[in-house]
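For reference, the structure discussed in these notes is given below.
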Amino acid sequence: MDQRRRRRRRGRKQSRRRRKRNLMLKIIFFIILIVGTVAALLLWRRYGPTKEKADLDKYYGIENENQLAVIVNNQVLEPRAMISDGKVYMEYGIVRDYINERFYWDPNENILLYTLPNDVVSVGVGSQDYSVSKEKHSEDYVILKAEGSTAYIALDFVKQYTGMDFEAYDDPGRVVVVTETGEVKTAQAKRDTQVRYQGGVKSPVLTEISKKETVRIIEDEGDWKKVRTEDGFIGYVKKSALKKETTEKISRDFVEPEYTNIHKDYIINMAWCNVTNYDANNNILQMIAQSKGLTTISPTWFHVADTAGNIESIAGADYVNYAHQAGIEVWAAIRDFDGGISSFEESYTLLSHTSSRDNMINQLIAAALSSGIDGINVDFEKISEECGEHYIQFIRELSVKCRQNGLVLSVDNYVPQAYNQQYHRKEQGVFADYVVIMGYDEHYSGSPEAGSVSSYDFVKNGIEQTLEEVPAEKVVSGIPFFTRVWKETPKTEAELASQEGTDAAEYPMNVESTAYSMAEAQNVVAQAGAAASWDDVTKQNYATWEYEGSTYEVWLEDAESLQAKLQLMKDYGLAGTAAWRLGQETSDIWDVILQYVN
């Protein structure tokens with residue numbers, strides 16, 4: 001009996017221990033389960049894909065219900081569009097900068113223009129009508145709407161003159177414009193998936209795409225691809241969610257108009273002739289007699305008299321006849337300086353008004369026809385950044401009249417720099433017959449330091465940068481027949497003390513310069529008793545000397561320096577050369593030029 005009770009007690013104790021052990025195991029398991037669940041939730045929260053929807057109004061920049069989001073190719077732009085009377089209208093600035101730069105809006109005279117090879121399309125605000133030259137056409141919608149000085153153009157009208165497609169969508173309201181052509185990469189979705197704002201599963205969802213839906217591939221970014229959906233969302237899709245990546249070729253039925261040009265079948269050998277008054281035209285025979293192989297002469301005959309577009313002309317028919325008898329064409333120059341106007345502000349006022357441009361062009365063409373010249377050379381040097389779009393519109397409009405009348409149009413340009421991109425060389429290369437590089441004034445009157453007027457690398461870089469925008473067969477390389485003699489005098493302590501910032505250290509000299517013809521510069525060097533030696537960096541003969549506490553320097557333009565520049569013209573297959581200015585050269589220069597233009 002006692003033995004049975006002892007066994008029962010031992011059994012109860014063992015049972016209690018098992019229950020405690022099982023309970024402890026359950027508690028441990030439960031704790032592990034809780035910890036695992038919490039860890040999984042934390043990991044999911046950190047690494048799992050979010051279903052958060054992006055704020056699409058914020059994504060597209062929409063601030064009010066009248067705005068229409070704008071997507072052009074692979075860019076989301078400012079929402080500067082609207083729908084009115086069932087038509088999509090785009091703000092002029094977006095059309096010009098991203099769709100078709102040849103549309104031009106004049107807010108001063110409330111007119112929209114588009115330049116064709118032989119006509120100018122014209123549209124007034126609030127009108128369904130437009131004119132091509134003098135012929136009237138009509139649409140069944142208002143083509144141009146304005147809010148203050150801001151113009152909105154119907155995209156249906158833009159499409160008439162542009163290789164493009166566009167489509168409008170709702171929720172949110174947006175318009176997708178596609179102008180790209182050629183080869184593009186596309187892919188299909190393997191399954192229903194998300195397009196996210198950025199690459200990463202935690203980035204908000206812009207939209208969903210369905211299985212087999214096609215997207216345009218913009219670029220690869222690791223495990224993600226940047227894509228554009230057909231309805232205008234630009235975001236990121238997991239690379240593993242896409243398949244069938246292919247290259248497609250986009251083409252459209254739109255045919256670009258042909259902007260024909262006059263091209264000479266010989267190498268241009270042009271020189272500008274500085275004519276300051278009508279009587280100076282009588283020197284033409286002497287000028288021609290001193291030259292060799294000249295194909296073209298550009299007298300400075302036309303100046304802008306005022307901001308209304310009136311011109312002053314000293315053109316002479318006898319001058320043209322003498323030139324023609326010598327087998328030389330005359331491309332008369334028009335300038336926006338040294339005349340009735342001579343400032344950036346005046347050039348802006350002139351060119352930003354359509355009526356002023358029309359007046360100037362009509363007078364210019366009339367003067368050209370009455371004098372019998374062969375072409376017009378535009379030398380506008382007072383063009384500010386804000387004036388750029390008006391300047392190139394002037395070139396377009398002038399090209400139409402020149403094309404209609406068989407006149408050669410050439411346009412002078414500075415060597416390309418970051419600060420003169422407003423001259424729109426690429427567009428000049430379409431509308432003008434020749435684009436001239438003024439390959440001089442590297443160091444100019446008023447320059448804070450002495451230096452070459454036209455060093456080898458300056459000319460070379462100017463040619464290379466111009467060729468990035470203009471075909472070689474249209475580029476004429478301008479060279480100088482002049483140079484500058486520089487005088488440098490140390491600044492006084494008072495002058496240095498009056499300078500602010502780092503100017504004192506950077507420019508410790510007072511710098512003056514005088515421009516000389518080739519012969520005059522050589523005489524200055526000889527009279528100073530100095531000897532010039534070849535500088536292989538600038539590829540010019542260089543001389544320096546001291547006199548009365550000042551240092552004099554000159555980088556000579558001569559037969560050797562011009563030979564190096566002319567070789568560049570030949571090496572790059574350019575249309576020719578042009579020299580500023582006739583009468584400043586030494587006689588041996590023409591034999592050098594002949595070696596490169598024949």
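Note that these values count all heavy atoms, side chains included, but never hydrogens, waters or copies made by symmetry. Note that the numbering runs from 1 along the sequence shown for the chain. Quick caveat: nothing in here was measured; it's all calculated off a predicted structure.
The heavy-atom pair separating Ala332 from Ser298 by the smallest distance is C-OG, 4.1 Å. In terms of heavy-atom proximity, Asn420 sits nearest to Val415 at ND2-O, 3.0 Å. Here the closest heavy-atom approach between residue Ala519 and residue Thr586 is recorded as N-CG2, 3.8 Å. Nearest heavy atom pair, residue Ala530 against residue Trp545, reads CB-CE3, 3.6 Å. Ile268 and Val597 make their closest contact through O-CG1, 4.4 Å (heavy atoms, listed as atom of the first residue, atom of the second, distance). Nearest approach of Ala515 to Phe482, heavy atoms of both residues: CB-CD1, 4.5 Å.
Put simply, the side chain of Thr354 reaches to within 4.5 Å of the side chain of Tyr104, judged on heavy atoms. Counting heavy atoms from C-beta outward, Tyr434 and Asn261 have side chains that stay 4.5 Å or more apart. Residues Glu546 and Thr551 form a side-chain contact, since some pair of their non-hydrogen atoms from C-beta on lies under 4.5 Å apart. Within the 4.5 Å cutoff, the side chain of Gln584 has no heavy atoms near those of the Glu557 side chain. Using a 4.5 Å heavy-atom cutoff, the side chains of Lys264 and Val408 are in contact. Residues Thr577 and Lys565 fail the side-chain proximity criterion, which asks for heavy atoms closer than 4.5 Å. Residues Thr483 and Gln540 have side chains not in contact (no heavy-atom distance under 4.5 Å, counting atoms from C-beta outward). When side chains are defined from C-beta on, Ile218 does not count as touching Val227, because their heavy atoms never get closer than 4.5 Å.
No donor-acceptor pair under 3.5 Å is formed between the side chain of Asp379 and the backbone N or O of Ala333. Judged by distance alone, with hydrogens and angles left aside, the side-chain atoms of Thr295 form a donor-acceptor pair with the main-chain N or O of Asn269 at under 3.5 Å. Asp336 places a side-chain N or O within donor-acceptor distance of the main-chain N or O of Glu381, the cut-off being under 3.5 Å. In this structure, Arg216 contributes its side chain and Val184 its backbone to no donor-acceptor pair below 3.5 Å. For the pair Gln363 (side chain) and Ile311 (backbone), a donor-acceptor distance under 3.5 Å is present. Looking at Gln422, its side chain does come within 3.5 Å of a backbone N or O of Ile383 through a donor-acceptor pair. At distances below 3.5 Å, not a single donor-acceptor pair connects side-chain atoms of Arg335 with backbone N or O atoms of His303. Between the His443 side chain and the Ser452 main chain, a donor and an acceptor come within less than 3.5 Å of each other. Checking side-chain atoms of Asn510 against main-chain N and O of Lys491 turns up no donor-acceptor pair under 3.5 Å. Checking side-chain atoms of Asn413 against main-chain N and O of Val411 turns up a donor-acceptor pair under 3.5 Å.
Side chains of Asn461 and Gln465: a donor-acceptor N/O pair is absent below 3.5 angstrom, by distance only. Side chains of Gln75 and Tyr98: no donor on one and acceptor on the other come within 3.5 Å. In this structure, a donor-acceptor pair under 3.5 Å is present between the side chains of Glu553 and Tyr542. No side-chain N or O of Thr115 forms a donor-acceptor pair with one of Arg396 less than 3.5 Å apart. Glu397 and Gln393 share a donor-acceptor pair across their side chains, judged by distance under 3.5 Å alone. No side-chain donor from either of Gln522 and Asp558 sits under 3.5 Å from a side-chain acceptor of the other. When only modelled atom types and interatomic distance are considered, Asn377 and Trp272 share a side-chain donor-acceptor pair under 3.5 Å. With 3.5 Å as the limit, one finds a donor-acceptor pair spanning the side chains of Trp331 and Glu329.
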Hey, mind stepping through Thr162 and Phe103 against side-chain contact (heavy atoms from CB on, under 4.5 Å) and telling me if it holds?
-> CA-CA 10 Å; Thr162 311; Phe103 279 96; 4.1 Å; yes

Before giving the answer on side-chain contact (heavy atoms from CB on, under 4.5 Å), spell out for Val453 and Trp555 the whole-Å C-alpha distance, their side-chain angles and the decisive distance to 0.1 Å.
-> CA-CA 7 Å; Val453 165; Trp555 288 261; over 6 Å; no

Taking it one step at a time, do Arg228 and Glu180 satisfy salt bridge (Lys or Arg N to Asp or Glu O under 4.0 Å)?
-> CA-CA 13 Å; Arg228 184 186 77 227; Glu180 59 189 359; 3.2 Å; yes

Take Ile153 and Trp105 through the test side-chain contact (heavy atoms from CB on, under 4.5 Å) and record every step on the way to the result.
-> CA-CA 10 Å; Ile153 313 170; Trp105 161 241; over 6 Å; no

Passes side-chain contact (heavy atoms from CB on, under 4.5 Å), Leu566 versus Ile593? Steps please.
-> CA-CA 7 Å; Leu566 290 166; Ile593 293 176; 3.9 Å; yes

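Each of Asp536, Asp535, Asn541 was evaluated against Thr538; a single residue qualifies, Asp535, per the side-chain hydrogen bond (donor to acceptor under 3.5 Å, both in side chains) test. Checking each of Glu427, Glu91, Glu389 against Arg96 for a salt bridge (charged side-chain N to carboxylate O under 4.0 Å, His left out) leaves exactly one that passes, namely Glu389.
In this structure, CG in Leu574 is found 8.5 Å from CG in Leu568, a value given to the nearest 0.5 Å. From Ser410, atom OG reaches atom NZ of Lys474 across 12.0 Å, with rounding to the nearest 0.5 Å. Going from atom CD1 of Ile262 over to atom SG of Cys402 covers 8.0 Å, rounded to the nearest 0.5 Å. For the atom pair OH (Tyr444) and CZ (Arg484), the distance works out to 10.5 Å, reported to the nearest 0.5 Å. Of the inter-residue distances, the one linking Ile267 atom CD1 with Tyr596 atom OH reads 11.5 Å to the nearest 0.5 angstrom. Atom OG1 in Thr276 sits 10.5 Å away from atom CG in Asp338 (nearest 0.5 Å).
Within a 6.0 Å sphere centred on CD of Gln421, other residues, nucleotides and ligands contribute more than 12 heavy atoms. For Glu385, the CD atom sits in a loose shell: 12 or fewer heavy atoms of surrounding residues, nucleotides or ligands are nearer than 6.0 Å. Under a cut-off of 6.0 angstrom, the local environment of CD in Gln417 is crowded, with over 12 non-hydrogen atoms contributed by other residues, nucleotides or ligands. For Lys185, the NZ atom is loosely surrounded, since the number of other residues' heavy atoms within 6.0 Å does not exceed 12.
Aromatic pair Tyr423/Tyr414: centroids less than 6.0 angstrom apart.
By the 4.0 Å N-to-carboxylate-O rule, Glu468 lies too far from Arg425 to be salt-bridged with it. We find that Asp165 and Lys159 are joined by a salt bridge, their nearest charged nitrogen and carboxylate oxygen being less than 4.0 Å apart.
Cation-pi check for Arg102 over Tyr259 is met; the charged atom lies under 6.0 angstrom from the ring centroid and within 45 degrees of its normal.
Taking the six-membered ring for Trp and thresholds of 30 and 60 degrees, Phe394 and Phe380 have nearly parallel ring planes, at less than 30 degrees apart. Between Tyr348 and His390, the angle of the ring planes goes over 60°, which puts this pair in the perpendicular group of the 30/60° scheme.
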